[in-house]
Amino acid sequence: MNARKKAQAGRILSVRCRWTVLLFLLIPFHYAIGQPTPEVVRFEPFTWASTPPADCPFEPSAVLTGIRFLGVKSGFRYGDTWYPSWAADGLPLAGNRFLTLATVVRVRQIETTRDKAEGPDESSVHTPVEAKLFRETIARAWPGAKITWAFSWLALNDQRPDYQALRDLVVSYHRQHGDEVTFLPGGYFANMYNTREQVNRDLHDGLGLVSRMVGGGYRPRAVIAGFLAADNLRYLAEREDIHVCQGNIWSQHAIDNGDGDGSVSYPYYPSAEHFLKPAQGREDLIDCVNLDGWTCDFLTARRAGQANGFRSRSGVGPIETLLAHGTEKGLDEILATTAAHFDDGFKLNHFAWVTCIWELVLVEGRRIYGYHGRNGMDGLERWLSEIRRRWPAAKAITHGEFGLLWRGQFKDNANLDYRFVQRGTGFPGSEPDKRIRWFMNKDFRLALLGDANKEGSEKVIDFTRYDLPAKEPSDPKPGEHVRNWSLMNRLNQKGLRPVDQPVPLSQLTEGERAFILRRCPELGRAADK
């Protein structure tokens, strides 16, 4: 080895020695300062005693049946603070009743684009004060309940102190309660005002803002959207890896800024042809579970908008019930609609689901919209408390958790077979002498309406076929509003077209009756009469 190479090797060895000495010196410093040697404690193994009170709202776990300490100390022996919460992972869909409750945080009533909005400025009632009242009301009525918070584009970007504090507060609720925090594109009506390409950009950027707001690598499991076109649902699934979306408002027509009647009311995989159509096979299935926004009274839902003083979306929604009619009358309608699913619906479908979006503006929206001086908080607390009293095993989980539970059981729409029956409640538009039956599956939805006390009086008021081709509207042009995205073909419950005349089942064509009986053979006698 020549002198030059020897000198170079010597320098390398010297550097290595110095690093070795330094690391040797740092090791005890690291343990002395960062990780002190724990005290070694050994004790007799024991099982932690757990005797929950009789009125405990939480069901005992069938998987985690106890905690046993093995007799070796590791840090601390006990924890002194616990925040119990429903865990959706591993929770079965069948045999359970579910409530999904979401709220929307916005600035203006309808955000048509990123920089344009319609309707009143609601910022004065979007503060931490209203959010705290709303969340504490839920926690008081239903300890352990989890909800979904959806922020609009403007609400995510507003730098006024109230909105900054509101965002921080909601993030704390995510950490404390397990609430979901997500994005709301537009103001329920993104596709009515924007191209599909723009909606995809809004989804990508909005979800990114939510992730940064929450921090820690957080990613929502679901999106709240009101209505969302099939291409955008596919984008969520394939590009954003989000597989749940509140993407349709069941029965909505002639109200607010968009129409979208024609879907089934429980979860389904949408078709690439139309977001309201259940996918007919794997080739056109979009892997994004489509959820309804509000559970409606099936009798009032057959109405169009607010014609003749009726409200088509009456059911569990607070605007149509508590704020319009007061706590007592409104709560009766909310509970009757809930019972239609949690009682008869549960028997028919072996699980039940009620869903509602309770916008944050409603907490003190009376300052802007009047609402007869009401804010609905007493009705909200009484509704949730009554659910826990009547159906104590019901689960209040987020939209993402519920949608993924459903997705875990249903791989496609082949086995969808939803059945519902409801007698009128006496609420405006829901005649107490009427009874409606709904049959919903991959192939069609069918509604029979008749006299509740007269056998054989039923007539078909809706027969929407999903085996027929469907097409969504084209993108709106700049400055335009494309309102009607409904899926109406053979016969629609709203009765708006000349063809939408109720008829006995027997008066459908022979081919239509055969098509129905393949799915619903029990209707054979009615089809023959």
Side-chain angles (χ1 to χ4, degrees), residues 52-61 81-89 91-93 95-105 130-150 169-170 172-182 221-222 224 246 291 293-295 315-318 321-322 327 330-343 345-346 351-360 362-363 375-403 405:
D55 60 349
C56 177
F58 303 102
E59 292 180 337
S61 172
T81 304
W82 297 84
Y83 295 101
S85 177
W86 292 117
D89 293 340
L91 181 69
L93 186 75
N96 279 302
R97 297 171 175 87
F98 298 94
L99 171 71
T100 53
L101 181 61
T103 190
V104 165
V105 181
E130 289 80 24
K132 187 176 181 181
L133 174 59
F134 179 70
R135 193 61 184 88
E136 289 182 353
T137 298
I138 295 169
R140 186 167 55 249
W142 196 324
K146 291 190 277 189
I147 69 172
T148 302
W149 299 78
L169 181 63
V170 171
S172 77
Y173 290 148
H174 163 69
R175 293 170 180 160
Q176 179 181 355
H177 301 293
D179 290 353
E180 185 163 28
V181 187
T182 190
R221 295 182 178 184
I224 302 296
Q246 182 280 306
L291 301 180
W294 286 264
T295 300
V316 302
T321 53
L322 301 171
T327 299
L331 186 59
D332 285 345
E333 170 69 354
I334 290 176
L335 285 170
T337 302
T338 302
H341 292 265
F342 281 8
D343 287 338
F346 182 78
F351 80 99
W353 174 51
V354 171
T355 191
C356 180
I357 302 175
W358 197 297
E359 292 102 336
L360 189 60
L362 302 183
V363 176
N375 73 351
M377 288 298 98
D378 181 53
L380 173 61
E381 184 167 0
R382 290 173 59 181
W383 175 37
L384 299 181
S385 298
E386 186 65 10
I387 289 178
R388 291 184 63 239
R389 187 189 71 81
R390 293 194 198 181
W391 305 282
K395 311 294 190 290
I397 61 177
T398 68
H399 283 68
E401 288 172 325
F402 174 72
L405 281 181

Partner set under side-chain contact (heavy atoms from CB on, under 4.5 Å) for Ala339, not counting sequence neighbours | Asp343, Arg390, Trp391

Leu93 and Phe98: which non-hydrogen atoms are nearest, and at how many Å?
-> O-CE1, 3.6 Å

Minimum heavy-atom distance between Trp294 and Cys356, given as atom pair plus value = CD1-SG, 4.0 Å

Taking only residues two or more places apart in sequence, or in another chain, which ones meet Asp378 in a side-chain contact (heavy atoms from CB on, under 4.5 Å)?
-> Thr327, Arg382

At their closest point, which heavy atom of Ala222 faces which heavy atom of Thr182, and how far apart are they?
-> O-OG1, 2.5 Å

Do Thr338 and Thr295 come within less than 4.5 Å of each other through their side chains, counting heavy atoms only?
-> no

Set of residues satisfying side-chain contact (heavy atoms from CB on, under 4.5 Å) with respect to Ser385, sequence neighbours excluded | Ala141, Glu381

For Thr100, check side chain to side chain donor-acceptor pair (under 3.5 Å) against everything at least two apart and list the hits.
-> Trp353, Thr355

State, with a plain yes or no, whether a side-chain heavy atom of Trp383 is found less than 4.5 Å away from one of Val354.
-> yes

Contacts of Thr103 meeting side-chain contact (heavy atoms from CB on, under 4.5 Å) (sequence neighbours excluded), chain-then-number -> Phe134, Trp149, Leu360

Is there a side-chain contact between Arg221 and Thr398, using heavy atoms and a 4.5 Å cut-off?
-> no

Determine whether His177 and Arg135 make a side-chain contact, defined as any pair of heavy atoms from C-beta on separated by less than 4.5 Å.
-> yes

Here the gap from Ile397 atom CD1 to Leu101 atom CG, rounded to the nearest 0.5 Å, amounts to 12.5 Å

